[in-house]
Amino acid sequence: MADDLNGLTDKALSIFAFAAYHRLVSGEKVTSVIRRDGAGHEADPEGVKELEERGLVTAGETDIDLGDTAQAAVETMVTALRREVGR
């Protein structure tokens, strides 16, 4: 089921939301996010597994690399957020 966004759980979406946050703050395209920062912050393990199983991300010990479909999903989320506030 590679590159499938249909029916993602909230745990998986939380990883995209984190990427969307960084996209909004930086103004730059986000291609990866931190999985574990060493200070106690960690992406949800079930969400990471789900995204990996769907072929949307590749996760290492500390980083999560977003594939093309995941990057597009983040951009769609940012566009939807802006639209909701009239931008």
Side-chain angles (χ1 to χ4, degrees):
M1 201 186 312
D3 292 340
D4 182 11
L5 295 170
N6 190 37
L8 288 173
T9 64
D10 285 349
K11 290 179 179 188
L13 288 174
S14 72
I15 295 160
F16 287 173
F18 186 60
Y21 162 79
H22 285 288
R23 169 68 174 89
L24 289 164
V25 170
S26 71
E28 303 290 327
K29 183 177 181 178
V30 175
T31 60
S32 68
V33 293
I34 298 297
R35 181 176 188 173
R36 291 186 186 96
D37 68 1
H41 299 99
E42 181 178 347
D44 184 89
E46 290 177 35
V48 173
K49 181 180 177 186
E50 179 181 353
L51 294 176
E52 282 188 301
E53 287 175 349
R54 291 177 181 235
L56 296 165
V57 304
T58 303
E61 190 65 31
T62 58
D63 296 334
I64 302 168
D65 293 324
L66 306 175
D68 291 340
T69 300
Q71 290 176 40
V74 170
E75 290 299 317
T76 298
M77 290 173 77
V78 168
T79 299
L81 285 167
R82 287 178 174 148
R83 186 175 49 243
E84 283 299 312
V85 297
R87 287 192 42 210

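Everything numeric in this text was worked out from a predicted model, so none of it was measured.
- Across all their heavy atoms, Asp65 and Ser32 have their closest contact at OD1-CB, 3.3 Å.
- Leu56 and Ala70 make their closest contact through O-CB, 3.4 Å (heavy atoms, listed as atom of the first residue, atom of the second, distance).
- Residues Glu50 and Lys11 are not paired through a salt bridge, judged by the lack of any N-O separation under 4.0 Å between the basic side chain and the carboxylate.
- Below 30°, between 30° and 60°, or above 60°: for Phe18 and Tyr21 the angle between ring planes is below 30°, a parallel geometry.
- Scanning all heavy atoms of the two residues, the minimum distance from Val57 to Val48 falls at CG2-O, 4.3 Å.
- In this structure, a donor-acceptor pair under 3.5 Å is absent between the side chains of Glu46 and Thr9.
- Remark: Glu53 CD to Lys49 NZ distance equals 5.0 Å, nearest 0.5 Å.
- Interatomic distance, Ile34 CD1 to Asp63 CG, rounded to the nearest 0.5 Å: 4.5 Å.
- Separating the CG atom in Leu5 from the CZ atom in Arg54 is a distance of 7.5 Å, to the nearest 0.5 Å.
- For the atom pair Leu51 CG and Thr58 OG1, the distance stands at 10.5 Å (nearest 0.5 Å).
- Between Arg36 and Glu61 a salt bridge is recorded (basic side-chain N to carboxylate O distance below 4.0 Å).
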Full working for salt bridge (charged side-chain N to carboxylate O under 4.0 Å, His left out) between Arg23 and Glu28: CA-CA 6 Å; Arg23 169 68 174 89; Glu28 303 290 327; over 6 Å; no
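- Heavy atoms only, all atoms of each residue included: Leu66 and Val30 are closest at CD1-O, 3.6 Å.
- In this structure a side-chain-to-backbone donor-acceptor pair under 3.5 Å is missing from Arg35 to Ile64.
- The minimum heavy-atom distance between Asp4 and Asn6, with the atom names listed, is OD1-N, 2.9 Å.
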